[in-house]
Each structure stands twice: as C-alpha cells, then as structure tokens.
Amino acid sequence: MFPVRPFAHPDKKSPLACGEVALDALAKKFGTPLYVYSADHIRYRSGLFTEAFAGQPHLVCYAVKANSALAILKLLAAEGAGFDIVSGGELERVLAVDKAAAARVVFSGVGKTAPEIDLALRSGILLFNVESEGELELLAERAAKLRKRARIALRVNPDVFAETHPYISTGLREHKFGIDIKRARTVYKRAAQQKWIAPAGISVHIGSQIRSAEPFGAATDRVAKLLLQLRKDGLPIQFLDAGGGLGIEYHAAQAFNPEEKVRQYAAALRDAVSRIEGLTLLLEPGRFLVAQAGALVTRVLFVKKNGEKTFVITDAGMNDLIRPTLYQAHHEIVPVTATKSRRKLVADVVGPVCETGDFFARDRELDAVKPGDLVAILDAGAYGMSLASNYNTRGRAAEVLVEGKRARLIRRRETVADLLATEVL
Ligand SMILES: *Cc1c(COP(=O)(O)O)cnc(C)c1O
C-alpha cells in the first residue's frame with residue numbers, strides 16, 4: 001500500500017523527501033516558494049478509481065481546476081483519464097497536451113460564453129453539462145450555426161446537503177449551480193426538440209471536500225431515478241455524471257485510508273446505478289487525485305515576537321496558497337530538515353503579503369524553526385497553484401514534478417518581467 005502522502009523522511013538523519021528526492025536539494029536548485037508533486041502518487045490515486053469501479057463502465061474525468069499544470073494533465077491523459085473543464089482556457093490546456101483527449105472532455109460551469117462553446121463544439125467534446133435554460137438556448141444556437149451536434153447533460157441540483165465548507169457546497173437549491181431537479185424533465189423535453197442538441201446524459205455535483213460517501217449515494221440515487229424517467233420519456237440517456245468532490249483528511253492526526261475511501265464511494269454510487277443497463281458513469285475527482293501528491297516548500301525569512309505572539313514569516317504567501325484564508329483550511333506544516341528531537345513553538349505561520357488574512361496557520365504548535373529553515377506545507381497539490389495570484393506583484397511559484405529518482409521543472413518561476421509584459425504605459 002502507498003502511504004497517504006508521498007512526503008516523508010527516509011530516516012531520522014535525512015531531510016524530508018518526495019519519494020526518493022530530497023526537498024532541500026530541490027529548494028536549492030529551483031528556489032522557494034516551490035510546489036513539488038509526485039507523479040507516482042497521482043498515478044496511484046487515479047488507479048484506485050479504476051480498481052474500485054472495475055466491471056462498471058466508467059470514465060474518470062479529472063477536474064482540471066484542481067491543478068491545471070500541463071505536465072499533470074499529460075500524465076493523467078496517458079492513464080486514459082478524461083477531463084472536466086470549466087472554461088475555454090482549461091479546454092485549451094487539454095488540447096495542448098493531447099488533442100485526442102477532447103473526446104473525453106465534459107464541460108461544466110454556470111457561465112459558458114459563445115466563444116468557449118464554439119471551441120468545445122469544434123473540438124468534439126464528449127458532453128456539455130448545461131446549467132441553465134439560457135445556456136441551453138445559446139448552445140442550440142451555436143450548434144446550429146456550426147452544424148455540430150452537441151451531446152448534453154443537464155446538471156441538476158438534487159437538493160442534497162453535504163457536510164463541507166459553505167463556499168464549496170453546491171448541491172442545495174439556494175446555490176447558483178444546476179437546474180432544479182423538479183424542472184429537469186420539462187427542460188429535457190425542450191432540449192430534445194432542438195435539431196443540433198442530443199440529450200445524452202444527466203449530471204450532478206454536490207460540492208467539494210465531502211468526506212462521507214452517504215451524500216454521494218443520495219444524490220446519485222435521485223438522478224438515477226430521473227434518468228429512468230427520462231428513458232421512459234424516450235430519451236436515450238447513456239451517461240450519469242456523478243461529479244467530483246470526494247474529500248481527503250488534511251489533519252495528520254485523523255486516520256485516513258484512500259483505498260477504503262474510494263471503495264466506500266464506489267459502493268455508494270454502484271448501489272444507486274446497479275440496476276440501470278447500458279449506463280456509463282462519469283466521475284470528476286479533482287482534489288482526491290492531486291491534493292496529497294503535492295507540497296508547497298517555503299523558506300522561513302524571520303521569526304518575530306509581538307508581545308505574547310510569535311510569527312513565523314515565510315517567503316510563501318496567500319497569493320501562493322489561499323486555502324487557509326479562503327476556506328479556513330488546515331494544512332500540516334513540517335520542517336524539511338532531519339527529525340532530530342526538536343523544541344516546540346506555538347506560532348502563526350504567515351506570509352509577506354500585506355493582509356492580515358495572509359496566514360497558513362494560527363496558534364499552531366510546530367517544531368521550532370529559525371530563519372533560513374525550509375518548511376513544507378503539506379496537501380497543497382489541489383487548489384494551491386491553480387488559485388495562485390500575482391497580488392503584491394509577486395511572481396507565481398515554480399513547480400517541480402518528481403518521478404522516481406528524477407525531478408523536473410514543469411513550470412519556471414514567474415518573473416516581474418512576465419507580470420509587466422501585458423501592461424500598457
Ligand atoms: C470543482 C469541481 C469538481 C472537482 O471537485 P473536487 O472536490 O476537486 O473533486 C468536479 N466537478 C465539478 C463540476 C466541479 O465544479
């Protein structure tokens with residue numbers, strides 16, 4: 001069995017490593033802040049889905065927004081994965097990596113524009129996940145104009161509650177996502193009347209970082225019932241897109257077994273669809289595949305005391321990893337140097353950005369660190385770099401992909417010249 005994370009100390013005298021590659025050497029070579037990912041771990045996570053869904057026709061469509069690095073898309077495409085995209089830009093990324101993978105792309109998102117729709121139609125994507133009646137109208141118009149048939153699924157809102165952070169819960173009627181499940185049959189009938197629209201699927205996505213399998217089962221059950229109804233209405237619905245959202249444990253103290261997680265998730269979904277013939281399940285995991293495969297390596301600049309409080313100031317900031325401040329997310333923070341017995345320290349770990357919200361941890365007990373030390377912020381492979389910004393005119397971090405003994409730069413550090421290049425004086 002693989003460990004939950006690919007980051008560990010090979011022994012007490014050695015620095016933290018990603019697989020076989022020491023992180024201090026990577027920091028020296030590529031600088032900090034630095035995102036480091038394990039290719040082997042991403043392949044392992046993707047394989048868990050293949051195993052758990054064996055015997056059930058399915059396609060894993062990796063959610064590109066979790067981490068859209070081309071090298072990661074390429075390795076997943078080579079595993080046979082499809083892609084869940086939410087913009088034309090993400091489609092361009094998939095096309096840049098593997099043109100043939102367009103046939104395995106599903107296009108989600110509440111605000112698709114005509115140019116994005118046109119690109120997707122011309123690329124021959126697998127499925128449009130339509131999120132409103134207005135979008136359906138626009139898609140029908142563009143498809144007719146381009147004389148390209150669009151396979152569609154309606155993304156229905158199942159009104160299922162899932163325990164997660166309110167910003168990443170999407171499956172309730174009060175959220176902007178999807179079409180009310182009660183209205184869906186009417187909208188499907190209207191879609192079926194459009195010459196260039198082919199209703200082919202039904203889709204649902206209830207949110208992100210959901211750790212229990214139960215709400216996935218409940219939502220899939222609801223859409224499975226609708227699917228059977230639609231078939232009775234005469235629509236050849238083949239795809240059930242169960243969305244993404246399978247969560248991980250960010251706290252090291254919390255027991256977590258990825259293999260068991262995927263098995264429970266698969267069991268809940270298979271339970272809901274087992275009686276339906278001729279069905280292909282689409283799965284859209286993002287975080288689960290890449291979060292724990294990645295870490296953000298950063299150097300301590302200063303350790304500062306303000307009265308009672310201690311601040312560990314790192315060269316990474318909220319522009320590099322916004323999850324703690326955006327979602328009150330927890331990330332384990334560990335020193336990169338060897339694990340000799342260490343003093344402890346209680347501190348806020350903060351970045352250099354001019355915002356009080358620029359923190360990675362608050363009042364956290366850490367192994368004592370001093371200026372110049374390297375620390376790794378764990379489980380940063382998903383929604384880390386993909387949410388990074390240039391706030392404070394900070395170039396985005398470099399990214400490294402580790403495969404066995406090899407590490408290679410997959411994105412160079414952004415320079416200030418890169419940032420100024422688009423501006424006009
Ligand atoms: C964000 C998103 C996903 C991926 O969610 P994860 O929590 O990363 O698995 C899948 N499908 C849709 C439609 C999404 O918006």
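Counting starts at 1 for both ligands and their atoms, following the listed order. Values in this document were obtained by computation on a predicted structure and should not be read as measured data.
Counted within 6.0 Å of NZ on Lys261, heavy atoms from surrounding residues, nucleotides or ligands total more than 12; the atom is thus considered enclosed.
For the salt bridge (Lys or Arg N to Asp or Glu O under 4.0 Å) condition, the pairs that include at least one residue of residues 346-355, sequence neighbours left out, are Lys309-Asp348.
A donor-acceptor pair shorter than 3.5 Å can be found between the side chains of Asn67 and Tyr37.
Taking the side-chain contact (heavy atoms from CB on, under 4.5 Å) definition, one finds that Ala144 meets it with Trp196, sequence neighbours left out. Under the rule for a side-chain contact (heavy atoms from CB on, under 4.5 Å), the partners of Ala120 that lie at least two apart in sequence or sit in another chain are Leu91, Phe107, Ile125, Phe128.
In this structure, Arg5 fails the cation-pi test against Phe7, since its NZ or CZ atom is not both closer than 6.0 Å to the six-membered ring centre and inside 45 degrees of the ring normal.
When heavy-atom distances to ligand 1 are checked against 4.0 Å, the residues falling inside are Ala63, Lys65, Asp84, Ser108, Arg155, His205, Ser208, Gln209, Gly244, Gly245, Glu284, Pro285, Gly286, Arg287, Tyr383, ordered by chain and number.
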